[in-house]
Amino acid sequence: MRLTKYFLPVTKETPSDAQIVSHKLMLRAGLVRQTAAGIYAWLPLGLRVLRKIEEVVREEQNRAGAVELLMPTLQSADLWRQSGRYDAYGPEMLRIKDRHDREMLYGPTNEEMITSLFRDGVKSYRDLPRTLYHIQWKFRDEVRPRFGVMRGREFLMKDAYSFDIDEAGARQSYYTQLLAYLRTFQRMGIKAVPMKAASGPIGGDLSHEFIVLAPTGESEVFYDSRFEDLDWKATSDDAEALFNQVSSLYAATDETHDETLWKDVPDDRKRQGRGIEVGHIFYFGTKYSASMGMTVQTADGRQVHPEMGSYGVGVSRLVGAIIEASHDENGIIWPESIAPFKVGLINMRADDASCAKAADEIYARLEGAGIETLYDDRDERGGAKFATMDVIGLPWQLIVGPKGLEKGVVELKNRTTGERRELPVDQALVELCAA
RNA sequence: CGGGGAGUGGCGCAGCCUGGUAGCGCAUCUGGUUUGGGACCAGAGGGCCGGAGGUUCGAAUCCUCUCUCCCCGACCA
């Protein structure tokens, strides 16, 4: 993408609304703009990141055997009356009426709807187990939205729902999602530690929160440093073994922290810090299948309510959380797997015909090689271009200038390490293809 | 929802107390000089001062009401 054709409103100054670093950087880097309290427009660059995160989540869900569908944002009040939550939910639920005075709501979550859909399509144990998910916008009318997209009112969430014939099956579904979550977050280049959670508003006994470690996190966390060494991507698909491994190591937020258990962790492995919740998984039994009258027939002819679990990932929140965990004084540092572009190509002198020609050629070759490239072909000074690239945080910067071209080299800069190397063009391209 | 703060060109702010031609920095546009880490000079454009009432010869400024946004707390993916 040529920057001269793009929409990237980068600012030098930080809007006064922003307090935390991720919010400031998201505004400065032209990722989002607030349109109302807790509601954001995703600008082109921000949207690309959102889509990248979504895609990692999707791939790991599919790999875990979950099936994607898409449910609407608007739901009818009647659906929620079936579970009794229409009255129980409180003012966080945005309630609206249509022109016929029918009561509607903007979905804060989808247990009722998925249960209703699945109930009407499934009657036999042969159709279980299943895990269904979708990635959709939600709305919770928070009393006080803040921290940019980390605590907005409108947010993008992946929510999955599992249906099993019995508790043993439901536990397997839960373990499978646990593994999928650990792989998902690891692929995004962040450390997310699973922590036993107190049962939330949904209820149930098996529950984990996934906390991204970041100094500006909202909650205090305590965990065993062994979590840092585990490689989930390489873990076998034995989800139950993984669950046992996770369960054997201590990790808790301040809400569930237990000093007695904490004492048993060797001192040199004790880690204490702050974190941001980016995922939450629950097993909650028959709460919805029972209240909404979903039954399936077992092999021996009994009618049972399926055992359910739900599994959420805050997709839009992750954008903020990842920035909290990955930035420096110059701007964002995107992990490569979710970076909006892999390479920022800088033409140092747009007014120099030979330099521009060389940069154009390199751009064409990068595009031809399928490398996502943001090409700064604006007629700006070098310094301004460097500052722009640093703030938007693309993993690689490829700098093409007259000085280097005289020597037949370009400069390749790694945003994470700051390392800069002069390389012949061909070699730089080879390295980018390999990276 | 309790407590506090703020709405003035796209962004950051001053002006308000003590009413009288709406200002500064950044950004934008034009011309020139520049060009490897957010250049410089000269010029230009852009604002019914959140909205509605009121007081006054005259309101960004004073009064009343209202809307919105932000911060602290309680609450939350």
Pairwise C1' distance for B:rU68 and B:rU8, with rounding to whole Å: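 To the nearest whole Å, 15 Å.
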Nucleotides 67-73 of chain B: protein proximity per nucleotide (B base, S sugar-phosphate only, - neither; heavy atom, under 4.0 Å): --SSBBB
Nucleic acid footprint by protein, nucleotides 22-30 of chain B - heavy-atom cut-off 4.0 Å, B for base, S for sugar-phosphate alone: ---BSS---
Residues which pass ring pair (Phe, Tyr, Trp, His ring centres under 6.0 Å) with [X], listed by chain and number, not counting sequence neighbours:
X      : answer
A:Y174 : A:H208
A:F386 : none
A:F341 : A:Y6
A:F210 : A:Y181, A:F185

Under the side-chain hydrogen bond (donor to acceptor under 3.5 Å, both in side chains) test, residues paired with A:R28 that sit two or more places apart: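 Per chain and number, A:R28 pairs via side-chain hydrogen bond (donor to acceptor under 3.5 Å, both in side chains) with no residue.
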Sequence-distant partners of A:H134, side-chain hydrogen bond (donor to acceptor under 3.5 Å, both in side chains), two or more places apart: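 Partners of A:H134 by the side-chain hydrogen bond (donor to acceptor under 3.5 Å, both in side chains) criterion, ordered by chain and then number, come out as A:D159.
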Anything under 3.5 Å between a protein N or O and an N or O of nucleotides 39-42 of chain B, put it in a table, one pair a line.
| from | atom 1 | to | atom 2 | distance (Å) |
| --- | --- | --- | --- | --- |
| B:rA39 | N9 | A:R381 | NH1 | 3.3 |

Those residues of residues 175-189 of chain A lying under 4.0 Å from RNA chain B by at least one heavy atom: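 Listed by number, there are none.
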Qualifying ring-ring contact (aromatic ring centres under 6.0 Å, His included) pairs, either residue in residues 52-90 of chain A, two or more places apart: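 Residue pairs passing ring-ring contact (aromatic ring centres under 6.0 Å, His included), neighbours aside: A:W80-A:Y89.
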A:M348 side-chain proximity, nearest of B:rA77, B:rG38, B:rG36: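 Selected nucleotide (nearest to the side chain): B:rG36.
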Of A:P15 and A:E154, the one whose closest RNA chain B nucleotide lies more 5':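 The 5'-side residue here is A:P15.
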With sequence neighbours excluded, residues passing side chain to side chain contact (heavy atoms under 4.5 Å, CB included) with A:L43: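 Side chain to side chain contact (heavy atoms under 4.5 Å, CB included) list for A:L43, sorted by chain: A:F7, A:P9, A:R33.
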